[in-house]
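These notes concern the structure reproduced below.
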Amino acid sequence: MATSMKYIATFLCRVSPLISYSVRQYQSRLQRLPARTCLSLSPFIHPRHSYCKAASLQDEAVAQATEALARYKDRPWDYLESEEYIERYGSSPVWADYRRNHKGGIPPQKTRKTCIRGDKICGNPCPICRDPNIIIHHQNVKLLQQFISPHTGMVLDSTRTGVCMKQQKKLNEAVDTAQDHGLLPFQIPYVEFSGEDYSNSHDAVGSTPPPSSLTLGDNWYKWYGEILPDENEVAKVKKTYKAYLK
């Protein structure tokens with residue numbers, strides 16, 4: 001009898017820490033989950049067999065976000081005509097309501113290099129990085145027109161729009177490509193010619209006249225006879241080659 005009681009006490013001592021550990025895990029999971037979302041949780045049921053509304057709702061949100069990204073990945077210009085875009089931005093540009101975070105009253109002269117580093121996103125991403133459905137592409141003309149000044153036809157500076165340097169570089173490349181493909185207009189400065197003769201009819205750049213037309217004492221070019229050399233330079237040359245001029 002004493003031996004059986006000893007075995008029972010040893011078994012209870014071994015099992016009691018496991019029971020207490022499972023109870024503590026159950027309480028910690030209940031604290032992390034929102035209220036009225038758990039359907040069946042028990043400290044004695046494996047977590048794989050527990051079903052919770054929070055996890056299902058989170059999975060649905062992730063699935064919807066993935067579906068939206070895949071929908072606008074191949075045709076990013078369709079997002080600007082969707083109801084989701086109109087509800088979020090209306091008729092304003094995507095950078096209209098963006099405000100940069102900076103110390104002091106004067107903003108820095110440059111924006112950040114990039115908003116996304118690996119899997120980490122900064123606290124206040126730029127207007128393009130904060131919306132994953134906004135994709136810069138040279139065929140996304142409506143998006144590119146929001147970043148082009150209507151007065152100068154040039155891309156707006158990043159200090160005004162708040163776009164990070166990485167996305168600003170993509171914007172410049174996309175605008176140049178769209179202009180090359182004829183999707184965006186661009187202005188060519190008007191140059192008024194002064195009427196000067198730019199042809200090769202001048203004697204200095206024209207064809208060399210034949211030697212038969214030259215007479216003794218005439219210059220090869222007509223304009224060469226009008227050039228008067230400096231007397232001091234001529235005197236120096238004569239002095240240098242005095243022995244050869246006799």
Side-chain angles (χ1 to χ4, degrees), residues 60-102 106-201 205:
E60 291 179 0
V62 171
Q64 291 178 359
T66 306
E67 183 181 357
L69 289 175
R71 187 185 353 168
Y72 300 118
K73 185 177 180 181
D74 297 332
R75 299 174 58 88
W77 47 88
D78 291 344
Y79 174 64
L80 277 74
E81 300 178 356
S82 62
E83 297 180 357
E84 181 182 357
Y85 175 85
I86 297 174
E87 182 180 357
R88 182 170 182 178
Y89 301 102
S91 59
S92 302
V94 295
W95 53 268
D97 59 345
Y98 179 75
R99 296 295 178 269
R100 298 171 60 191
N101 290 342
H102 56 83
I106 301 176
Q109 297 299 319
K110 293 182 180 180
T111 56
R112 64 173 62 92
K113 292 185 178 181
T114 180
C115 301
I116 303 174
R117 298 181 183 274
D119 297 336
K120 297 182 179 179
I121 305 177
C122 65
N124 185 27
C126 71
I128 297 179
C129 295
R130 68 182 177 181
D131 193 346
N133 293 325
I134 295 179
I135 301 174
I136 298 177
H137 196 272
H138 67 274
Q139 294 182 358
N140 197 355
V141 179
K142 291 186 177 180
L143 177 65
L144 299 180
Q145 288 176 346
Q146 297 180 6
F147 293 90
I148 297 177
S149 174
H151 308 289
T152 62
M154 301 176 65
V155 181
L156 296 173
D157 193 70
S158 58
T159 55
R160 180 178 179 183
T161 59
V163 179
C164 63
M165 297 173 65
K166 182 179 180 180
Q167 298 294 344
Q168 184 73 12
K169 183 178 179 180
K170 292 183 179 180
L171 272 173
N172 295 331
E173 294 176 353
V175 169
D176 293 341
T177 306
Q179 291 177 352
D180 292 341
H181 291 185
L183 301 176
L184 285 177
F186 61 95
Q187 298 179 356
I188 300 176
Y190 174 73
V191 178
E192 184 178 359
F193 295 98
S194 59
E196 297 181 4
D197 187 10
Y198 294 100
S199 64
N200 57 353
S201 62
V205 296

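Not measured: the values here are computed from a predicted model.
- Put simply, CZ on R88 and CG on D131 are 4.0 Å apart, with the number rounded to the nearest 0.5 Å.
- Panel note: side chain N124, backbone R99; a donor-acceptor pair is recorded below 3.5 Å.
- Counting only heavy atoms from C-beta outward, the side chains of T161 and Y98 never approach each other to under 4.5 Å.
- From N140, atom CG reaches atom OH of Y79 across 11.5 Å, with rounding to the nearest 0.5 Å.
- Checked against H138 for a side chain to side chain contact (heavy atoms under 4.5 Å, CB included), the options D176, V175, T177 give a single hit: T177.
- Within the model, atoms CG of D157 and CD of Q168 stand 6.5 Å from one another, a figure rounded to the nearest 0.5 Å.
- Minimum heavy-atom separation, Y85 to S92: OH-O, 4.0 Å.
- Between H181 and Q139, every side-chain heavy-atom pair lies at or beyond the 4.5 Å cut-off.
- With rounding to the nearest 0.5 Å, the separation of CG in L184 from CD1 in I148 is 4.5 Å.
- A heavy-atom distance below 4.5 Å is found between the side chains of R112 and C164.
- Each of V94, I136, N172 was evaluated against F147; a single residue qualifies, V94, per the side chain to side chain contact (heavy atoms under 4.5 Å, CB included) test.
- Counting only heavy atoms from C-beta outward, the side chains of Q146 and K142 never approach each other to under 4.5 Å.
- The two residues G162 and C126 make their nearest non-hydrogen contact at O-CB, 3.3 Å.
- Separation of atoms OH (Y72) and CG (D74) is listed at 13.0 Å; rounding is to 0.5 Å.
- Side-chain contact between T111 and Q167: absent, with no pair of heavy atoms (C-beta onward) separated by less than 4.5 Å.
- When side chains are defined from C-beta on, L143 does not count as touching W77, because their heavy atoms never get closer than 4.5 Å.
- Within the 4.5 Å cutoff, the side chain of K170 has no heavy atoms near those of the I128 side chain.
- Distance check, rounded to the nearest 0.5 Å: CZ of R160 to CZ of R100 gives 14.0 Å.
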